[in-house]
2 protein chains.
Amino acid sequence: MVEYNPFHNGHLYHLTQAREIVKPEYTIAVMSGNFCQRGEPAVIDKFARAEIALKMGIDVVLELPTTFAIQDAGGFAFGAVSLLDATGVVTDVVFGSESNDIDFLWQVAKILFEQPEEYKSFLHEELKKGHSFPNARKFALMRYFSLKGWNEKNVLRLEKSNDILGVEYLHSALRIGSSIRFHTIKRVGAEEKDGSFKGKFSSATAIRNLLREKRWDETRESLPDASYEILMREFKEGRGPVFLEHMGDFMLAFFRLKDREYFEKIHGFSEGLEKRFQECARQTGSYRDFLECVKAKRFTFSRIRRLSLFSVLEMSKEFVEKSNEKGPQYIRVLGFTERGRRILAIMRKKTKLPIVTNMSLYRKVLEKTDLPVDRNLFIEQLKLDVKATNFYSTFFPSREERCGERDFAIHPVFLRAET
Amino acid sequence: MVEYNPFHNGHLYHLTQAREIVKPEYTIAVMSGNFCQRGEPAVIDKFARAEIALKMGIDVVLELPTTFAIQDAGGFAFGAVSLLDATGVVTDVVFGSESNDIDFLWQVAKILFEQPEEYKSFLHEELKKGHSFPNARKFALMRYFSLKGWNEKNVLRLEKSNDILGVEYLHSALRIGSSIRFHTIKRVGAEEKDGSFKGKFSSATAIRNLLREKRWDETRESLPDASYEILMREFKEGRGPVFLEHMGDFMLAFFRLKDREYFEKIHGFSEGLEKRFQECARQTGSYRDFLECVKAKRFTFSRIRRLSLFSVLEMSKEFVEKSNEKGPQYIRVLGFTERGRRILAIMRKKTKLPIVTNMSLYRKVLEKTDLPVDRNLFIEQLKLDVKATNFYSTFFPSREERCGERDFAIHPVFLRAET
């Protein structure tokens with residue numbers, strides 16, 4: 001469950017540690033496509049990121065459908081865990097965690113899953129006070145811990161992004177009744193939120209900040225060679241870097257074309273956000289100012305950025321709700337190694353979802369499958385991925401590279417064993 | 001019925017000649033807003049263009065609602081003539097004409113209005129051969145002229161843009177039963193299509209080409225002083241020049257987000273154009289290449305550009321058809337002189353449509369009026385103007401100037417008599 005935006009030394013450390021803990025036969029990563037959970041585009045496109053992952057030792061890279069990749073932690077985790085579970089071959093998942101305390105994370109996940117009455121009423125009260133959902137949940141959990149006589153200070157750990165996501169992974173596993181075993185690894189180096197460069201173990205945010213300023217050489221220290229080389233190749237060929245600010249003017253102009261009724265139909269709009277989007281788009285002259293204008297105590301920047309993407313991609317409430325109930329409807333393979341080919345063969349027998357490797361055959365895959373999929377949802381989710389890619393590629397620096405539907409033109413990356 | 005994009009010496013000559021012919025008490029212009037009939041944005045915004053018009057001697061500038069301003073010659077003319085007729089005070093209209101032969105133009109207009117059976121079947125046949133509508137119509141008219149024993153070569157004059165538009169003005173006047181008298185003036189100087197600079201009497205296209213290359217000084221020769229000065233003021237303050245190419249990347253990204261079903265709902269899409277739009281947007285990397293990709297014998301560039309605007313502004317088939325049946329539902333005043341104020345006072349008594357001068361009062365205007373307007377259509381047409389302005393202003397060079405809803409923030413231009 002990764003974004004690899006871009007793949008850095010921290011990711012490599014995580015991968016090595018995960019191998020130590022699980023000693024797996026194969027490693028599978030489910031990775032965001034061209035847009036990430038922070039509501040931003042990836043710096044380079046998903047095929048290149050998949051290629052790096054394979055070079056770094058992952059055997060199979062699956063795409064987390066856009067529907068889930070750009071949702072909040074809950075939606076992201078539900079999509080990712082559902083997808084891994086559906087492969088039928090994943091036995092263990094290792095995720096980074098600031099607390100590195102899996103028992104505590106399970107404790108919280110169970111509360112979220114079981115929704116005891118006391119917790120529910122605490123949450124309701126905290127939301128009424130005007131807190132953002134993450135904060136309201138934190139306060140409600142603290143009150144519930146205190147009620148139970150547990151150490152409520154533990155809950156403060158949930159301010160860290162990896163622990164928040166970790167809880168959601170476990171919560172999702174409970175929801176779908178997955179038998180996957182979960183392990184944590186202590187996160188090393190800089191926190192994701194920390195945008196300052198910390199040398200070898202810098203956060204992806206810090207690395208992106210350097211890339212944004214074209215200080216490419218300086219990122220070398222914090223990136224494995226293969227990652228650095230492929231990044232540079234992509235930039236050289238005009239396929240990146242892509243940043244949210246490149247999309248800013250588009251966003252603002254797009255929002256000005258839409259009225260409140262449009263935003264009301266889009267997933268995640270409530271509490272007057274549709275009005276704020278409409279009004280702020282007209283009152284401001286840049287996407288940056290727009291974000292500041294929409295921002296309020298209850299609304300985090302990440303949420304506003306995600307809502308922006310939902311709007312542009314026209315993700316309706318019905319579509320996302322249905323997806324969040326039924327999960328991903330296909331497994332899309334972005335790349336695999338020679339070893340990965342073997343596990344893919346096993347996966348084909350055990351999978352709970354149709355596997356899409358060659359996009360131009362997706363309709364055939366859907367026709368032939370006898371697995372219980374929601375066919376309309378399959379098409380809708382897949383078309384969203386294609387739409388996201390086609391939109392993303394218009395922001396490539398090279399106009400040449402903007403042409404064509406990459407989801408159909410680019411085949412899954414196949415990495416031969418190096419000799 | 002003008003665009004003044006921008007106001008040049010040819011326009012001034014036209015205005016002076018028109019005065020000679022009609023010797024009017026007042027002059028009223030109905031002008032396109034921020035988008036023009038060629039399917040392009042105006043170089044500077046409508047308030048500045050209205051201001052120039054007033055300085056050049058127009059007494060009242062009315063806005064041709066976007067609904068009509070960006071349609072083909074037929075829709076443009078119908079909107080403009082309907083609006084002038086609705087004022088209740090317009091007695092004479094003078095338009096530029098290459099042939100300068102009003103009898104001939106009436107002759108054609110009557111055929112278009114009366115639709116004799118023979119003409120209709122000729123048109124049907126020519127369309128079936130795959131000609132664009134303007135060409136099919138030309139050939140059908142030639143055959144009809146020949147049938148009637150008239151000089152069919154006369155019809156070839158209708159290749160000139162002013163004569164085409166002229167026929168549509170007269171056709172519209174017949175349709176609505178207007179008693180306005182029409183006069184022509186021989187067009188002087190360069191043809192609109194001629195993009196090469198011709199000195200004092202250059203076409204608006206040629207002038208825009210110089211502006212595009214920032215060769216501002218060189219345009220001075222072909223522009224009246226007031227026009228040049230206001231253009232320069234607008235550029236200096238970051239409100240222009242705005243060109244279609246600034247919107248190109250937006251268009252391409254926007255079209256990639258839409259599917260065939262979306263385009264099908266939009267006015268003007270038929271004959272597989274929805275498929276071409278969808279496919280070309282994905283296959284090309286720039287709006288220029290997109291236009292080339294969609295282009296075919298039957299589809300002119302102007303039409304494709306107009307369809308692009310219809311799509312972005314989401315102008316549905318139902319909306320435009322209803323508008324083309326019922327005409328504009330309001331008269332929007334962009335500016336007036338002291339003299340203009342007097343004719344506006346008379347207009348208020350004679351008008352067939354509610355007059356909107358102060359945009360923030362438009363709902364009150366609608367509530368109070370006892371004129372027979374289609375209230376929903378009034379709102380829809382007016383909202384389209386606002387949307388077009390809000391979209392247009394995101395392409396101003398200055399981010400400051402992009403803020404705010406200009407339709408509400410800017411009051412109609414009032415020009416005091418110079419002392």
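Numbers restart at 1 for each chain; the letters A, B, ... are given by sequence-line order, proteins then strands. Predicted model only: the values in this text are computed from it and were never measured.
- Each of A:Y262, A:F263, A:F254 was checked for a ring-ring contact (aromatic ring centres under 6.0 Å, His included) with A:F277, and the lone residue meeting it is A:F263.
- Both the backbone and the side chain of B:S286 come within less than 4.5 Å of a heavy atom of chain A.
- Of the two parts of B:S398, neither the backbone nor the side chain holds a non-hydrogen atom closer than 4.5 Å to a non-hydrogen atom of chain A.
- A salt bridge links A:R212 with A:E245: at least one charged nitrogen is closer than 4.0 Å to a carboxylate oxygen.
- Side-chain contact between B:R332 and B:D407: present, with at least one pair of heavy atoms (C-beta onward) separated by less than 4.5 Å.
- Between chain B and the options A:E401, A:R402, A:R256, A:E400, heavy-atom pairs under 4.5 Å are most frequent for A:R256.
- Looking at A:V312, the atoms closer than 4.5 Å to chain B (heavy atoms on both sides) sit in the backbone and in the side chain alike.
- B:R260 has its side chain within reach of B:K275: a pair of non-hydrogen atoms, C-beta onward, lies under 4.5 Å apart.
- Looking at B:K383, there are no atoms closer than 4.5 Å to chain A (heavy atoms on both sides), in backbone or side chain.
- With hydrogens and angles left out, the side-chain atoms of B:T66 and B:K387 include no donor and acceptor closer than 3.5 Å.
- Applying the 6.0 Å contact sphere to CZ of B:R233 captures more than 12 heavy atoms from other residues, nucleotides or ligands.
- Most heavy-atom pairs under 4.5 Å with chain A, from the set B:L252, B:D259, B:D249: that is B:D249.
- For B:E314, the part sitting under 4.5 Å from any heavy atom of chain A is the side chain, from C-beta outward, and nothing else.
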